[in-house]
Amino acid sequence: MTANIPWGERRTSSFSDGANTCVEVAHGPSVVGVWDTKHRESGPIVVPRARWAAFVAGLKD
């Protein structure tokens, strides 16, 4: 399923220490992919953009 999604650039948090102990996030056309940096080969967890936006908004509250 995720092989056909044209992912944008993967990004990590600016708070990441560079030790591969975080996640990477990339936007697709209508979804967001989240990769575990320790297990990138496992592929992303894919969520709808609206749900990702609600999750991030909740973090900022």
Side-chain angles (χ1 to χ4, degrees):
M1 172 187 156
T2 61
N4 296 328
I5 296 173
W7 296 113
E9 178 184 355
R10 290 189 199 179
R11 305 191 89 165
T12 58
S13 169
S14 59
F15 294 101
S16 173
D17 61 7
N20 288 337
T21 56
C22 59
V23 296
E24 294 176 327
V25 176
H27 292 268
S30 61
V31 294
V32 173
V34 182
W35 286 260
D36 179 344
T37 57
K38 289 185 177 181
H39 303 284
R40 287 182 182 102
E41 70 283 350
S42 296
I45 295 171
V46 179
V47 295
R49 278 185 165 220
R51 293 230 177 166
W52 180 256
F55 171 72
V56 171
L59 294 175
K60 293 178 181 181
D61 286 343

Locate the shortest heavy-atom distance separating [X] from [Y]; write the atom from each residue and the value.
| X | Y | value |
| --- | --- | --- |
| Trp7 | Pro44 | CZ2-CG, 4.0 Å |
| Ile5 | Val31 | CD1-CG2, 4.0 Å |
| Trp35 | Ala26 | CZ3-CB, 3.6 Å |

side-chain contact (heavy atoms from CB on, under 4.5 Å) between Trp52 and Val25: does it pass, once the steps are laid out? CA-CA 10 Å; Trp52 180 256; Val25 176; 3.8 Å; yes

With sequence neighbours excluded, tell me which residues meet side-chain hydrogen bond (donor to acceptor under 3.5 Å, both in side chains) with Arg10.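 Scan of Arg10 (side-chain hydrogen bond (donor to acceptor under 3.5 Å, both in side chains), adjacent residues dropped) gives Glu24.
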
Hey, which of Val56, Ile45, Val47 is the one that makes side chain to side chain contact (heavy atoms under 4.5 Å, CB included) with Val32?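 Among Val56, Ile45, Val47, the one meeting side chain to side chain contact (heavy atoms under 4.5 Å, CB included) with Val32 is Val47.
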
What pairs of residues pass the salt bridge (Lys or Arg N to Asp or Glu O under 4.0 Å) test when at least one of them lies in residues 46-56, not counting sequence neighbours?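 Every pair satisfying salt bridge (Lys or Arg N to Asp or Glu O under 4.0 Å) with a residue in residues 46-56: there are none.
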
